[in-house]
Amino acid sequence: MSAVIRTVNLVKIYQSGGVPVTAVDGVDLHVGAGEFVAVMGPSGSGKSTLVHMLGGLDARTSGEIWLDGKRVDTLSESAWALLRRDKVGFVFQFFNLVANMTVADNVELPALLSGATPKQARERREYLLDALGLTERAEAPPAQLAGGEQQRVALARALANEPSLLLADEPTGNLDSRNTRDVLRLLGEVHKKGQTIIMVTHDARVASLADRVVSLLDGQIVDDGVIPVTRRRPKAGAGDVVELRS
Amino acid sequence: MRLTLLALLAKEPAHGYELKQALEHTFGSAYPSPNIGQIYVTLGRLEKDGLIRAIDVEQSNRPNKKVYYLTVTGREALAEWADEPTEGPRIRDEFFMKLVLAPLTGIADRMALINRQRRHYLGVMRDLNDLIERTDPDNRVALLLIEGAMLHVQADLDWLQRCQEDLA
Ligand SMILES: Nc1ncnc2c1ncn2[C@@H]1O[C@H](COP(=O)(O)OP(=O)(O)O)[C@@H](O)[C@H]1O
Ligand SMILES: [Mg+2]
């Protein structure tokens, strides 16, 4: 499988008030095309720092990052900006929507910037907003939206340019269970169509959609492996969640 | 199933097959449909314990059928059950036993146990996700049951993370 992302001994040390903090400590990660990887781990274990580095939003201290076969940790900020425009979708923990643009324009913009025609951008936007139950909010400014709605717009925006890599940092933190289900469906759908996804999440419902789970602890990978298929009977009904006792 | 049957009989006397239908009607797919044999075995035990009693009802062209009804003792047992708080399903956790015993026996590494268990829980969660997708959206009881199971799995995962942080 060709690697969309590969890191070699990736390290990030923050210097906070003279005291060095090793946030990411020698991470070797390999994510193949079309793979969906969930990143889990306790608060402070380096999850956000790792995905920020993978998206070029935070500079590495040492080590290498390769994206689509090209070394990228050495790129300038402007080169990174171009790369993100064309190849990487990012969903932040705090949505970063453009305040003076409608929801629809927020979602269409990245598609247009990466070279889609207005018609393609509009169709993509319609598809994404519909899948996330946001069609009726298309003309609203982001500030009028609830937190969970803004988060779904952020996801739609990140997918608008059909990036080769979707990076997301806790994208379902503000969602209720119904909205989470919409997000899960969309993620499942784009993943089935071949979208590569690296997603930091604490939500087991989201993580369980992934092919693989990477667990971080103190900046290091302590586990990296597939989520196994359980031995549940294929036709099991809801009744199987309770044990029948007589 | 004992108390479920008592509860159904508190509403009205019924024979075994009617109880099976009432169970299916009440819970939908949220409860495994019990086979009729299990129901008769349980009814037999309840009768022996004096919680229900049966009367034979004659039927034309068919063998008599037994109609069960709740006794005063049965009604008291039911009230007691309804009033008392219910133990959660995970007071004693088998995985916890493994985790504590692992270093004593040298049979398994704690971190490896935790990592394997995490992946297993995620596999269980994936099944629950599939299940919720296949469940009729109008079946509130079934959906609540599955959501409850999901919240339990989430709590188990959170706790695994606590174990990993503390034991690393
Ligand atoms: N900008 C920063 N300056 C200094 N320390 C930071 C900064 N960002 C993160 N850290 C530290 O790096 C570690 C990892 O943080 P983070 O990547 O945010 O973890 P997570 O997303 O897993 O909660 C933490 O100890 C955190 O305090
Ligand atoms: Mg974080």
Side-chain angles (χ1 to χ4, degrees), chain A residues 36-45 47 172 176-178 180-185 187-189 201-246, chain B residues 1-2 4-5 24 27-35 37-39 41-42 45 89 111-112 114-116 118-136 139 141-158 160-162 164-165 168:
Chain A
F36 182 167
V37 175
V39 179
M40 303 187 89
S43 169
S45 59
K47 306 179 298 294
T172 54
D176 62 24
S177 78
R178 202 203 139 84
T180 299
R181 221 174 297 163
D182 286 342
V183 169
L184 291 179
R185 277 207 195 110
L187 287 174
E189 216 169 278
T201 185
H202 171 75
D203 188 324
R205 286 170 302 177
V206 182
S208 74
L209 285 190
D211 307 301
R212 236 169 89 197
V213 57
V214 166
S215 298
L216 286 186
L217 190 65
D218 295 334
Q220 299 185 345
I221 293 181
V222 291
D223 189 39
D224 180 351
V226 297
I227 299 172
V229 174
T230 59
R231 274 163 293 172
R232 185 174 283 274
R233 296 192 307 279
K235 273 199 179 156
D240 290 306
V241 272
V242 292
E243 300 267 308
L244 182 61
R245 278 176 298 185
S246 50
Chain B
M1 195 166 50
R2 286 168 66 94
T4 322
L5 293 182
E24 285 165 359
F27 290 100
S29 64
Y31 203 88
S33 180
N35 69 47
Q38 280 173 302
I39 290 181
V41 169
T42 309
R45 292 196 189 129
M111 290 305 128
I114 291 171
N115 290 336
R116 189 175 335 114
R118 178 189 301 109
R119 295 194 211 170
H120 170 71
Y121 284 146
L122 290 172
V124 171
M125 188 61 101
R126 179 153 60 198
D127 287 344
L128 292 170
N129 265 333
D130 291 346
L131 199 54
I132 222 164
E133 282 299 314
R134 281 187 278 122
T135 300
D136 172 8
N139 190 341
V141 177
L143 291 178
L144 283 172
L145 188 69
I146 300 167
E147 266 181 46
M150 287 176 148
L151 289 168
H152 278 289
V153 175
Q154 180 74 59
D156 286 331
L157 278 161
D158 293 349
L160 273 185
Q161 196 153 80
R162 287 286 310 122
Q164 191 148 41
E165 279 178 276

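Here is how names work: the chains are called A, B, and so on, in the same order as the sequence lines, proteins then strands, and each is numbered from 1.
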Checklist entry - Using non-hydrogen atoms only, which part of B:Arg118 is less than 4.5 Å away from chain A: side chain, backbone, both, or neither? => result side chain
Next on the checklist: Taking every non-hydrogen pair under 4.5 Å, which of A:Ala207, A:Gly188, A:Ala38, A:Gly225 racks up the most with chain B?
Outcome noted: A:Gly225
Checklist entry - Quick one: what part of B:Ile39 sits under 4.5 Å from any heavy atom of chain A, side chain, backbone, both or neither? => result neither
Item to check | A:Arg185, part contacting chain B, at a heavy-atom distance under 4.5 Å | outcome: side chain
Item to check | Shortest non-hydrogen contact from A:Ala204 toward B:Leu157 | outcome: CB-CD1, 3.2 Å
Checklist entry - At a heavy-atom separation under 4.5 Å, does A:Val222 approach chain B through its side chain, its backbone, both, or neither? => result both
Item to check | Residue selection (most heavy-atom pairs with chain B, distance under 4.5 Å) from A:Val213, A:Asp203, A:Asp223 | outcome: A:Asp223
Next on the checklist: For the CE atom of B:Met150 and the OG atom of A:Ser208, what is their distance to the nearest 0.5 Å?
Outcome noted: 7.0 Å
Checklist entry - chain A heavy atoms under 4.5 Å from B:Asn129: which part of the residue, side chain, backbone, both or neither? => result side chain
Next on the checklist: Is it the case that the side chain of B:Gln154 and the backbone of A:His202 share a donor-acceptor pair, with hydrogens and angles ignored and the cut-off at 3.5 Å?
Outcome noted: yes
Next on the checklist: Would the distance check show the side chain of A:Arg205 and the main-chain N or O of B:Arg126 forming a donor-acceptor pair, the cut-off being under 3.5 Å?
Outcome noted: no
Checklist entry - Could you give the distance from OG1 (A:Thr230) to CG (B:Leu122), rounded to the nearest 0.5 Å? => result 11.5 Å
Checklist entry - Can you tell which of B:Asp158, B:Ile114, B:Val153 has the highest number of heavy-atom pairs within less than 4.5 Å of chain A? => result B:Asp158
Item to check | Residue part contacting chain B, namely of A:Asp218, when any heavy atom lies under 4.5 Å | outcome: neither
Checklist entry - For the atom pair CG (A:Leu184) and CD (B:Glu133), what is the distance rounded to the nearest 0.5 Å? => result 8.0 Å
Checklist entry - Is chain A contacted by the side chain of B:Asp130, its backbone, both, or neither, given a heavy-atom distance below 4.5 Å? => result neither
Item to check | Heavy-atom contact with chain B under 4.5 Å, split by part of A:Ala210 | outcome: backbone
Checklist entry - Looking at CG of A:Asp224 and CZ of B:Arg119, how far apart are the two atoms once the value is rounded to the nearest 0.5 Å? => result 7.5 Å
Next on the checklist: What's the separation between atom CD in B:Gln161 and atom OG in A:Ser45, rounded to the nearest 0.5 Å?
Outcome noted: 7.0 Å
Item to check | Proximity breakdown for A:Leu217 and chain B, heavy-atom pairs closer than 4.5 Å | outcome: side chain
